[in-house]
Protein chains: 2
Amino acid sequence: MDTQLDTFFAALSDPTRRAVIERLTQGPAPVSELHAPHDMALPSFLKHLRRLETAGLIRSEKTGRVRSVRLAPEPLRQAEDWLNRQRKLWEGRTDRLQALAEALERKPS
Amino acid sequence: MDTQLDTFFAALSDPTRRAVIERLTQGPAPVSELHAPHDMALPSFLKHLRRLETAGLIRSEKTGRVRSVRLAPEPLRQAEDWLNRQRKLWEGRTDRLQALAEALERKPS
DNA sequence: GCGATACTTAGCCAAATGGATACCCAACTC
DNA sequence: GAGTTGGGTATCCATTTGGCTAAGTATCGC
């Protein structure tokens with residue numbers, strides 16, 4: 001059904017890819033710089049970048065032989081929204097349960 | 001590195017599993033009830049439940065022949081925290097960039 | 001206690017994932 | 001214009017994933 005969130009969460013389920021995201025919060029960077037800290041062959045690393053890009057989390061642009069990569073504007077918020085909604089529903093429910101429990105305790109029938 | 005977030009996001013990357021989470025925000029349910037809306041053989045569905053449980057998102061307890069499943073207390077917030085942190089870092093940066101751009105515009109050297 | 005109910009385990013299979021190597025191509029550098 | 005640098009492509013490989021069927025176990029209801 002919801003391919004958006006699918007590829008989104010899948011993209012974030014890998015430590016290499018999350019590290020790339022974290023790095024990019026500090027600003028755009030070329031591929032080689034993003035690759036440097038990761039002990040991995042470049043083609044393997046490029047796969048991760050492509051997965052992030054098809055998930056819509058990053059964008060990139062090539063100038064000369066250098067490809068510059070940056071975070072995409074909106075999409076982190078989408079996943080966050082989903083999580084937030086679920087958590088609120090769940091917390092609302094437990095709150096009501098606590099209220100019920102307390103009510104029963106005050107007035108044990 | 002961070003196996004916590006790995007299994008966490010991976011668990012949320014599947015629509016069946018997200019649907020289970022959504023259902024569980026309304027309260028605990030037995031396996032058969034969770035399974036009902038999904039057009040899938042029970043053993044396949046149980047794999048999803050096991051993945052959610054090893055990711056720490058749900059807990060379950062068997063009474064008689066029925067296994068009751070409920071949301072785990074804390075963990076939705078963890079993923080949310082990570083996303084929130086990244087988003088804030090990124091937004092902070094773009095804010096500073098905007099401020100810089102505006103400053104340059106006001107006082108073009 | 002016998003059948004139905006509610007899982008559970010054991011295997012099988014195709015496709016996707018995450019890594020590798022080997023080789024290619026374009027664009028700066030001198 | 002020859003070499004180096006920064007990516008990119010093509011394969012290959014082992015493992016994981018997400019589905020299945022078949023068969024098992026342990027209540028529960030009568």
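The chains referred to below are lettered A, B, ... by the order of the sequence lines, with proteins before strands, and numbering in each begins at 1. These numbers come from the heavy atoms of this one structure, side chains and all, not from hydrogens, waters or symmetry mates.
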Nearest-Å distance, CZ (B:Arg67) to P (D:dT25)? 18 Å

By side-chain hydrogen bond (donor to acceptor under 3.5 Å, both in side chains), which residues pair with A:Arg70, not counting sequence neighbours? none

Please assess A:Leu57 against A:Val20 for the test side-chain contact (heavy atoms from CB on, under 4.5 Å), listing each intermediate value before the final yes or no. CA-CA 10 Å; A:Leu57 278 163; A:Val20 169; over 6 Å; no

side-chain hydrogen bond (donor to acceptor under 3.5 Å, both in side chains) with A:Gln26: which residues, sequence neighbours excluded? none

Looking only at the side chains, is there a donor atom on one of B:Gln4 and B:Trp82 sitting less than 3.5 Å from an acceptor on the other? no

When you measure from every atom of DNA chain D, which of residues 35-61 of chain A have a heavy atom less than 4.0 Å away? A:Leu42, A:Pro43, A:Leu46

Passes side-chain contact (heavy atoms from CB on, under 4.5 Å), A:Ile21 versus A:Leu52? Steps please. CA-CA 9 Å; A:Ile21 297 294; A:Leu52 284 172; 4.0 Å; yes

Within-4.5 Å side-chain heavy-atom neighbours: B:Leu5 and A:Leu12: no

List, with names and distances, any nitrogen or oxygen atoms from the protein found under 3.5 Å away from nitrogen or oxygen atoms belonging to nucleotides 2-5 of chain D.
residue	atom	partner	partner atom	Å
D:dT5	O2	A:Arg65	NH1	2.3

Any B:Lys62 side-chain nitrogen or oxygen under 4.0 Å from OP1 or OP2 of D:dA26: no

Sequence-distant partners of A:Arg77, salt bridge (charged side-chain N to carboxylate O under 4.0 Å, His left out), two or more places apart: B:Glu91

Under the rule for side-chain hydrogen bond (donor to acceptor under 3.5 Å, both in side chains), what residues qualify as partners of B:Glu80, not counting sequence neighbours? A:Asn84, A:Arg87

How many Å lie between CZ on B:Arg18 and P on D:dG18, as a whole number? 12 Å

Pairs involving residues 35-50 of chain B, ordered by first then second residue, that meet side chain to side chain donor-acceptor pair (under 3.5 Å) (sequence neighbours left out): B:Arg17-B:His48

Pairing string, 5' to 3', for DNA chain C - Watson-Crick or wobble contacts under 3.5 Å, brackets [ ] where pairs cross, | to another strand: ||||||||||||||||||||||||||||||

Among residues at least two apart in sequence or on other chains, which ones pass salt bridge (charged side-chain N to carboxylate O under 4.0 Å, His left out) with B:Glu53? none

Contact nearer the 5' end of DNA chain C, comparing A:Arg17 with B:Ser32: B:Ser32

Should A:Met40 and A:Thr16 be marked as a side-chain contact (heavy atoms from CB on, under 4.5 Å) after you check the CA-CA gap, both sets of side-chain angles, and the distance that decides it? CA-CA 10 Å; A:Met40 179 188 300; A:Thr16 301; 3.6 Å; yes

Qualifying residues under salt bridge (charged side-chain N to carboxylate O under 4.0 Å, His left out), relative to A:Arg85, sequence neighbours excluded: none

First contact, last contact: which nucleotides of DNA chain C are these for chain A, 5' to 3', heavy-atom distance under 4.0 Å? C:dT17 to C:dC28

Could you work out, with salt bridge (charged side-chain N to carboxylate O under 4.0 Å, His left out) as the rule, every residue matching A:Glu33, not counting sequence neighbours? A:Arg23

